[in-house]
Visitor: 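Would you mind keeping the following structure in view while I ask a few things?
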Amino acid sequence: MLDKLKQMMGFETEGDASEIGPMDHILDDLPLMSDDPRKMLENAGGTGQKSRGFLMRPDLLKPNQPAAAPEAANTGVTVDTNDKALMVIDVVRYSSGKHDTLGKMYIDGEELAVTLEDEYREVKVKKETRIPAGTYNVTLRTVGGKHAAYWHKFPDMHKGMLWIRDIPNFEYVLIHIGNHDAHTEGCILVGLKPDPQKENQLEVKRNIWSSTAAYKKVYPIIANHLAAGKRAVIRVTDPK
């Protein structure tokens with residue numbers, strides 16, 4: 001019973017791609033993870049009410065209030081265009097669907113892969129939400145289950161997981177292999193191309209192909225740069 005209560009309250013953070021942050025609202029007779037906070041408030045009757053010991057706060061988000069445009073996270077990370085040793089990885093999101101987000105990855109301006117992430121949410125749902133747009137440092141993570149698995153999978157090239165650092169309300173966000181949103185818990189997956197049959201279908205779960213080949217393409221470029229003691233940043237931008 002205690003373990004179940006901890007899980008409901010969002011205290012479990014195990015796993016390489018775990019994300020920190022308690023669940024904001026829990027309602028009786030509703031799914032514990034609601035996609036739409038406005039719907040939660042509507043079902044709550046628009047007034048403060050206790051449910052399983054949590055107090056709803058209608059003043060935080062009014063029913064029928066339009067969604068605010070997502071803002072880039074202010075992480076304080078800057079890109080010095082005069083720094084020739086700085087590697088800039090760009091993830092340009094171009095399609096935001098119901099279940100996932102598609103993008104393109106560039107390294108120092110060269111397009112090398114496509115990306116797939118979780119969907120955008122106004123209110124974060126643990127392990128089911130993409131990271132905020134913004135600029136972040138990238139380093140090598142040399143501990144954890146993913147690191148051990150990739151060490152065995154790619155013994156000739158693995159130096160550590162590509163770790164996107166200091167993301168507000170997220171932790172252990174990595175760049176790694178995967179084909180669809182079930183393979184990510186906030187991380188960025190890479191592939192060589194999206195499934196053309198589903199790419200423009202925003203209501204379905206989409207796929208990216210040749211993920212291992214894409215990873216072998218981009219990983220050594222970034223990892224060797226970092227292993228040489230040089231700095232890398234990733235800039236994530238939302239669809240226009």
Visitor: Considering only heavy atoms from C-beta outward, does the side chain of Tyr94 approach that of Pro239 to under 4.5 Å?
Guide: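 Heavy-atom side-chain distance check fails, nothing below 4.5 Å.
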Visitor: Met161 versus Tyr172: any side-chain heavy-atom pair under 4.5 Å?
Guide: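 SC-SC contact between Met161 and Tyr172 ruled out.
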Visitor: I'd like to know if Val92 and Tyr120 are part of one continuous hydrophobic network [Ile/Leu/Val/Met/Phe/Trp/Tyr, side-chain heavy atoms within less than 4.5 Å].
Guide: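 Tyr120 does not cluster with Val92.
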Visitor: Keeping Asp100 on the side-chain end and Arg206 on the backbone end, is there a donor-acceptor pair under 3.5 Å?
Guide: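 Confirmed, Asp100 side chain pairs with Arg206 backbone.
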Visitor: Over all heavy atoms of both residues, which pair between Leu226 and Ala232 is shortest? Give the atoms and the distance, please.
Guide: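 The answer is CD2-CB, 3.7 Å.
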Visitor: Rounded to the nearest 0.5 Å, what separation is found between the CG atom of Leu189 and the OG1 atom of Thr101?
Guide: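 Between Leu189 CG and Thr101 OG1, I get 11.0 Å after rounding to 0.5 Å.
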Visitor: For side-chain contact (heavy atoms from CB on, under 4.5 Å), just list the numbers for Val233 and Val138, CA-CA rounded to whole Å, side-chain angles, deciding distance to a tenth of an Å, and then say yes or no.
Guide: CA-CA 5 Å; Val233 300; Val138 178; 5.8 Å; no
Visitor: Evaluate ring-ring contact (aromatic ring centres under 6.0 Å, His included) for Phe154 paired with Tyr215, printing each intermediate quantity in order.
Guide: CA-CA 10 Å; Phe154 305 110; Tyr215 189 77; 5.6 Å; yes
Visitor: Linking I/L/V/M/F/W/Y whenever any side-chain heavy atoms sit under 4.5 Å apart, do Tyr106 and Leu86 land together?
Guide: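 No, because Tyr106 and Leu86 fall into different hydrophobic clusters, even though each may have its own neighbours under 4.5 Å.
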Visitor: Looking at every non-hydrogen atom in both residues, tell me the closest pair between Val190 and Ala214 and how far apart they are.
Guide: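 For Val190 and Ala214, the tightest heavy-atom pair comes out as C-CB, 4.0 Å.
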Visitor: Any side-chain heavy atom of Val91 within less than 4.5 Å of one from Thr237?
Guide: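 Result no, sub-4.5 Å side-chain heavy-atom pair not found.
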Visitor: Given side chains that start at C-beta, do those of Val77 and Arg165 come closer than 4.5 Å, heavy atoms only?
Guide: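 A side-chain contact under 4.5 Å is absent here.
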Visitor: Can you tell which of Asp83, Asn137, Thr139 makes a side-chain hydrogen bond (donor to acceptor under 3.5 Å, both in side chains) with Arg231?
Guide: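 Exactly one candidate clears the test, Asn137.
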Visitor: Compare every heavy atom of Gly186 with every heavy atom of Ile131, then report the nearest pair and how far apart it is.
Guide: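 Between these two residues, the closest heavy atoms are CG2-O, 3.6 Å.
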Visitor: For the pair Arg235 (side chain) and Thr135 (backbone), establish whether a donor and an acceptor sit closer than 3.5 Å, ignoring hydrogens and angles.
Guide: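 Here the side-chain-to-backbone pair does not exist.
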Visitor: Give a yes or no answer on whether the side chain of His158 reaches the backbone of Lys153 with a donor-acceptor pair at less than 3.5 Å.
Guide: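 Not confirmed, His158 side chain does not pair with Lys153 backbone.
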Visitor: Is it the case that one hydrophobic cluster holds both Leu192 and Ile175, taking links as side-chain heavy atoms less than 4.5 Å apart, direct or via other members?
Guide: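 As far as the 4.5 Å side-chain criterion goes, Ile175 and Leu192 are not connected within one cluster.
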Visitor: Locate the shortest heavy-atom distance separating Ala113 from Val218; write the atom from each residue and the value.
Guide: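 Heavy-atom minimum between the residues: CB-CG1, 4.1 Å.
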Visitor: Please check if the number of heavy atoms outside Trp209 that lie under 6.0 Å from its CH2 is greater than 12.
Guide: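 Atom CH2 in Trp209 is crowded, with more than 12 foreign heavy atoms closer than 6.0 Å.
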Visitor: Would you call Leu162 and Leu174 a side-chain contact if the rule is heavy atoms closer than 4.5 Å?
Guide: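 The answer is no; the side chains never approach within 4.5 Å.
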Visitor: Should Tyr136 and Asp166 be marked as a side-chain contact (heavy atoms from CB on, under 4.5 Å) after you check the CA-CA gap, both sets of side-chain angles, and the distance that decides it?
Guide: CA-CA 7 Å; Tyr136 309 97; Asp166 304 321; 5.7 Å; no
Visitor: Would you say the side chains of Arg130 and Thr184 form a donor-acceptor pair under 3.5 Å?
Guide: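 Looking only at side-chain atoms, Thr184 and Arg130 do not form any donor-acceptor pair under 3.5 Å.
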Visitor: Could you state the interatomic distance from CD (Glu117) to OG1 (Thr129), rounded to the nearest 0.5 Å?
Guide: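 Spacing of CD (Glu117) from OG1 (Thr129) equals 11.5 Å.
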Visitor: Under a 4.5 Å cut-off applied to non-hydrogen side-chain atoms, are Asn200 and Leu202 in contact?
Guide: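 No, side chains not in contact.
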Visitor: Is there a side-chain contact between Trp163 and Val173, using heavy atoms and a 4.5 Å cut-off?
Guide: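 When only atoms from C-beta onward are counted, Val173 and Trp163 do not touch, as no gap falls below 4.5 Å.
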Visitor: Quick one: does His147's side chain have a donor or acceptor within less than 3.5 Å of a partner on Thr142's backbone?
Guide: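 A pair under 3.5 Å: yes.
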Visitor: About how many Å separate CD1 of Ile177 and NZ of Lys146, when rounded to the nearest 0.5 Å?
Guide: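 Nearest 0.5 Å value for the NZ-CD1 distance: 8.5 Å.
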Visitor: So, does Asp195 use its side chain to make a donor-acceptor pair with the main chain of Gln197 at under 3.5 Å?
Guide: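 Pair found, side chain donor or acceptor close to backbone of Gln197.
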Visitor: Determine yes or no for a side-chain-to-main-chain donor-acceptor pair under 3.5 angstrom, with Ser211 supplying the side chain and Gly178 the backbone.
Guide: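 Such a contact is found between Ser211 side chain and Gly178 backbone.
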Visitor: For Asn179, is there any backbone N or O sitting under 3.5 Å from a side-chain donor or acceptor partner on His183?
Guide: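 Here the side-chain-to-backbone pair exists.
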Visitor: Please say yes or no: joined through hydrophobic side-chain contacts below 4.5 Å, possibly via intermediate residues, are Val88 and Val236 part of one cluster?
Guide: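 Per the 4.5 Å side-chain linkage, Val88 and Val236 are not co-clustered.
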Visitor: Treating Ile, Leu, Val, Met, Phe, Trp and Tyr as nodes and any side-chain heavy-atom pair under 4.5 angstrom as an edge, say whether Ile107 and Met157 lie in one connected cluster.
Guide: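 The answer is yes; both residues are in one hydrophobic cluster.
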Visitor: Does Asp118 offer a backbone N or O that forms a donor-acceptor pair with the side chain of Asp181 under 3.5 Å?
Guide: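 Looks like no, no N/O pair under 3.5 Å.
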Visitor: Just do the side chain to side chain donor-acceptor pair (under 3.5 Å) check on Arg93 and Thr115 with the steps written out, would you?
Guide: CA-CA 8 Å; Arg93 295 164 171 163; Thr115 60; over 6 Å; no
Visitor: Quick one: does Tyr150's side chain have a donor or acceptor within less than 3.5 Å of a partner on His176's backbone?
Guide: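 It does not hold such a pair.
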Visitor: Measure from the side-chain N and O atoms of Asn207 to the backbone N and O of His180, and report whether any donor-acceptor pair falls under 3.5 Å.
Guide: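 No, the answer is negative, given that no donor and acceptor are paired below the 3.5 Å cut-off.
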Visitor: Rounded to the nearest 0.5 Å, what separation is found between the CD1 atom of Ile222 and the CG atom of Asn224?
Guide: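 If we round to the nearest 0.5 Å, Ile222:CD1 and Asn224:CG are 10.5 Å apart.
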Visitor: Check whether any side-chain heavy atom of Glu128 lies under 4.5 Å from a side-chain heavy atom of Arg121, and answer yes or no.
Guide: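 Side chain of Glu128 against side chain of Arg121, heavy atoms only: contact under 4.5 Å found.
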Visitor: Give, for atom CD1 of Ile89 and atom NE2 of His225, the distance between the pair rounded to the nearest 0.5 Å.
Guide: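 So the CD1 of Ile89 and the NE2 of His225 are separated by 8.0 Å.
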Visitor: At their closest point, which heavy atom of Ser95 faces which heavy atom of Glu199, and how far apart are they?
Guide: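 Minimum heavy-atom separation between Ser95 and Glu199: OG-O, 4.0 Å.
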Visitor: Using the ring of Phe170 (Phe, Tyr or Trp, six-membered ring only), decide whether Lys124 places NZ or CZ under 6.0 Å from its centre and within 45 degrees of its axis.
Guide: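 Cation-pi check for Lys124 and Phe170: passes.
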